[in-house]
Amino acid sequence: MEIAKTYEPKQAEEKHYERWETSGCFAPEINQNPDAPAFSIVIPPPNVTGSLHMGHALQHTLMDVLTRRRRMQGFRTLFLPGVDHAGISTQLMVTRELLKNEKKTPQEIGREAFTEKVWAWKAKFGGEITRQIRREGASVDWSREKFTMDEGLSKAVREVFVRLYEEGNIYRGKRIVNWCPHDKTVLSDLEVKEEKRADGKLYYLQYPIVGAERKLTVATTRPETMLGDTAVAVSPTDERYQDLIGKMIALPLTNREIPIIADDYVDAEFGTGAVKITPAHDPNDYEMGERHNLEQLIVMNDDATMNEAAGADFVGLDRYAARQKVVEKFEELGLLEKIDDYEITLPVCERCKTVIEPLLSTQWFVRMDEMRDLALEEMREKHFPRFFPETPNEKVYTTWLENLRDWTISRQLWWGHQIPAWYDANGKVFVAKSLEEAAQQAGTNDLTQDADVLDTWFSSALWAFSTLGWTGEITETEDLKTFYPTDVLVTGRDIIFLWVSRMVMTGLKFVGQRPFDDVIITGTVLDKNGQRMSKMKGNGVDPLVMFDKFGVDATRMTLVSLATGMDVRWNEAQVENYRNFANKIWNAARFCLMNSDGATVNLASLKPEEGASIADRWILSRLNKTVLEVNRALEKYFFHEAVQLLYHFFWDDFCSWYIELVKDEITGGYSSAETEVSSEIAEAVVSEQQAAARTRILTILEQALRLLHPFMPFLTEELWHTLPGTNANLHNAAYSKAAKTIMLADFPTTEESLIDERAEAEMQAVIDLIGKVRNIRAEMNIKPSERIAILVAANADLQKVFGENQAQILKLARATDLKLSEQFDAPKASARTALAGGAEVAIPLEGLIDFAKETDRLEKESAKLTNEAEKLNAQLSNENFVARAPSEKVEEIRTRVFDIEQRTKTLNQTLEALK
RNA sequence: GGUCACUUAGCUCAGUUGGUAGAGCAUACGCUUCACACGCGUAGGGUCACAGGUUCAAGUCCUGUAGUGACCACCA
């Protein structure tokens, strides 16, 4: 059988995903074992407006690696996909479209028509992200795909809302909130980001005191808010102002008089020590207003223009225009003391970057105390969730919970879960799961539903159980029973607060069980300059471009190799490297297939027969050790380590050494003169021994493909199907009835008895010998075509090892003759070097050797050894070391010193002989 | 202001009970060696940011300094 010379990923990617999906391989129902343990992961639902970025690709790949491995191990596996309705993003996007296409605003077409447009938009474009997830190879169960606004999930939302309300944990109240004047909605603290502005100003305004000549100067960064001032505060201990406390101020530009109050909040050291108080437009002022019973005067509209309360001169002005006008007027009045430059950090809307206006407003809130305590207790007592990496994430999570404040959940949007609260004609509120129930409570049908919708994260908070069928009415489903709690959550640092903590809290409260066991927090993929990738900067690397350029599998391997939890810079050279690795695998398979006549994958060949060669025992030992370590690494979520192990095993152990060692045996060992012999003739003479060797290498390759499959699903599937003897019998027992696919093959387990340290040491000696000879060849500029003789002096054990591998040594060192003996008498014109175990190798180079060069080479090597020996001897001559270090450590050092001394002695003798 | 992380070969990064510093890329030299030039062979390259400390032994533990970055809080 012959396959192409280079792996072309595209074709395999298209062909296999569709087959996997349509044949039900992703659904847990494929598992026929009623006693199978369950494994489940819910995908963090990407925004319906989103398109795939590197962060997704990284997280999805990690989840898929875990899922595919568990599936192969026979777990009943569910990797559940879904999409988030993403309230603000989606509404903004559709609003923009509407304006562009129909020149209309949402208000003009009305709520109902608008939400219909959004659903239409979703139907048309919302599938983009799910198509991209398919492209990644993610083995998610599409038959269970969920959307946060599905009926079931919406029911869960209403149920949770009503229950929290009935318990008094949801309330409606007037608070200072973060208001985005552009999106015209309230935002939670987590949706507000900060922006440093160097060009800020601090304005010093003089306020005249009633009945006195004296003026009190206040400093502010937002002069326009003075129109809403209802007091000025000073520190109660500030001696400068003692006599003013209780006096009134004639507030300029208004005809109001406001009191001077004393409050501990005020820092006498900052600014002038006097603070203007605007309870309706500043959170701290609001608190102070509450303490002192101050009037709350709202002077702005929801678009940050000034309202009537600001006065006739200002009404209708934008906040910044109003600011300028206030400053001008103060200047006219001679009340502007000064303006200082001041670096300021402003709160901005996470989405539109508009400066947030703190605003007194009536909103819905969740009181988090009870759920917060549930989560903290779970951490204290059961150390859950377990974060990977634990530092700093566990502490970040715990500290945040400890300082948790009420959650603003209402949003002034149309796209989302409308708040299940209705008002009668008198404005009395009825919270219920439906209009009917509200009407029953109210005793009238004349009800109006609250216009607001819930924060997108409210429904996301229920994701771990709402997606498994929990609606509040239905609290037990097969899926919940089987798959809840889920096993592991994989997500980014930025949503520990927004999502992880909230899922924990709602899971504990409403299901009475944690939503997942482990939380893997991935690092951020940065651009090559260490900058965050972002749409605005345009420095993002599109995973789909990588898929096209290097293949999905190569991209996945790159991502997994980066998954240490640290932030990492994207480096395309790495993807290229794994593309090359994919091609290496392809070609190793190609070699095995070209020589597969008379052979078939056969698991029995994974146990060495009586008298098996060192190379065979060695590769089986390496395979079993690799399986052991890969499994260990994945249990600890050390993804990068698993990749390293597999890369090393496949490229170095399997390709560089094993294939080369057994090549002649596999191919029949025809010499170059016989190259023209047609393959048919070669086939005809496959001996039993050769067939066994071919079967063995084929089977080892097959095991390697299984190990690699969770990481490189497409390549491994493509190759697996070409191997003779692969069939559904290789599946895990749970999938014996399913159609042949590597994704259901049993994931390799370790046969510990096959880890053969002796074979590994013996093979290492052979590898070292070949390496030393190759080194001499290169250093002495011996042409590859030049054949040489090798003399080896070694003890009987080593002689036996070298003897058994004579043919391989000759071939790989390009030699014609290998002479083994206890001692040798090499000609003077030889290049020599010492091997481990007191052995020595010599290569007679009559007429080829450059004595000066050889002396130079040996001296360099001798110096290296001397240096090493000195370090070790220094340790041994330290009494404390010998006395206190573990004896096996001391012994180890002694052995090493002995070996080095032997080699040095040999080298020096050689050097002497050269003189 | 608080908390935390990072600083290892030219580059990107590994290095988890403290015990001979690793990989890939890049570089140099040599190879049409019958799976693969997306390849093969060989080589060079690191006082593990700096300063102290603990220890027989420190890239690894502790303290401090410098630089970089993240998050939280505040910012009249």
Side-chain angles (χ1 to χ4, degrees), chain A residues 3 5-7 194 200 202-204 218-222 225 232-233 265-267 270-278 282 284-285 342-346 389 391-393 395-396 399-400 403 493-494 496-497 524 526 528 530 550 554 561-562 564 566-574 576-595 636 638 640-641 644 647-648 655-656 659-660 663 667 670-672 674-676 771 774-779 781-785 811-812 814 868 871-872 875 878-886 889-890 892-893 896:
Chain A
I3 58 176
K5 211 168 167 180
T6 311
Y7 173 51
E194 297 201 323
L202 188 57
Y203 303 87
Y204 289 77
V218 296
T220 179
T221 53
R222 296 189 294 152
T225 62
V232 171
Y265 168 78
V266 181
D267 175 6
F270 190 93
T272 63
V275 190
K276 58 187 275 311
I277 304 300
T278 324
D282 182 280
N284 292 306
D285 293 6
Y342 187 70
E343 189 187 286
I344 191 167
T345 40
L346 293 171
T391 42
N393 299 308
K395 198 172 168 189
V396 166
T399 311
W400 186 76
N403 299 303
R493 248 189 307 271
D494 50 337
I496 293 179
F497 306 147
T524 311
L526 308 168
K528 64 175 188 291
F550 300 108
S561 78
L562 298 175
T564 61
M566 293 289 111
D567 289 355
V568 274
R569 298 180 191 206
W570 185 256
N571 183 352
E572 204 169 294
Q574 293 178 72
E576 200 177 332
N577 180 236
Y578 287 109
R579 189 270 318 260
N580 295 351
F581 182 53
N583 196 54
K584 188 75 181 175
I585 297 169
W586 180 264
N587 273 288
R590 183 164 175 262
F591 169 78
C592 294
L593 287 168
M594 286 166 76
N595 298 287
K636 293 184 292 182
F638 281 13
H640 61 294
E641 200 174 291
Q644 284 309 310
Y647 187 93
H648 170 72
C655 292
S656 294
I659 289 184
E660 297 302 332
K663 195 172 256 180
T667 58
Y670 36 79
S671 69
S672 53
E674 291 164 316
T675 317
E676 297 307 315
R774 281 171 169 176
N775 173 279
I776 289 172
R777 295 189 64 116
E779 298 260 329
N781 294 325
I782 298 168
K783 287 204 182 69
S785 53
K811 181 172 182 193
L812 299 181
R814 315 193 124 257
E868 211 180 320
K871 272 197 234 163
L872 295 174
Q875 275 193 69
N878 181 338
E879 280 174 32
N880 279 322
F881 171 71
V882 180
R884 300 199 191 190
K889 194 87 240 166
V890 179
E892 187 192 314
I893 304 258
R896 271 168 51 202

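A note on names: the letters A, B, ... follow the listed sequences, proteins ahead of strands, and every chain is numbered from 1.
For A:Asn571, no side-chain nitrogen or oxygen approaches OP1 or OP2 of B:rG24 to under 4.0 Å. A:Arg569 has a side-chain polar atom (N or O) that falls below the 4.0 Å cut-off from OP1 or OP2 of B:rU12. Of the side-chain N and O atoms in A:Asn775, one or more sit less than 4.0 angstrom from OP1 or OP2 of B:rA43.
Taking the six-membered ring for Trp and the full ring otherwise, A:Tyr647 and A:Phe581 have centroids separated by under 6.0 Å.
Contacts of A:Glu572 with the nucleic acid, taken as non-hydrogen atoms under 4.0 Å apart, are absent. Counting non-hydrogen atoms under 4.0 angstrom, A:Lys395 reaches the backbone sugars and phosphates but no base. At the heavy-atom level, A:Lys5 lies under 4.0 Å from the strands shown only through sugar-phosphate atoms. Counting non-hydrogen atoms under 4.0 angstrom, A:Thr220 reaches the backbone sugars and phosphates but no base.
Judged by distance alone, with hydrogens and angles left aside, A:Arg579 brings a side-chain donor or acceptor within reach of the base of B:rC38, the pair sitting under 3.5 Å.
Note: A:Phe497 and A:Trp400 have parallel aromatic rings, judged against thresholds of 30 and 60 degrees for the angle between ring planes.
Comparing A:Thr391 and A:Lys528 along RNA chain B, the residue whose closest nucleotide (by nearest heavy atom) sits nearer the 5' end is A:Thr391. Residue whose closest nucleotide on RNA chain B sits further toward the 5' end, between A:Asp267 and A:Phe581: A:Phe581.
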Interface polar pairs with nucleotides 27-29 of chain B, N/O, under 3.5 angstrom:
none

Walk along nucleotides 18-23 of chain B from 5' to 3' and tag each nucleotide B, S or - by protein heavy-atom contact under 4.0 Å, base first, then sugar-phosphate. -BB--S

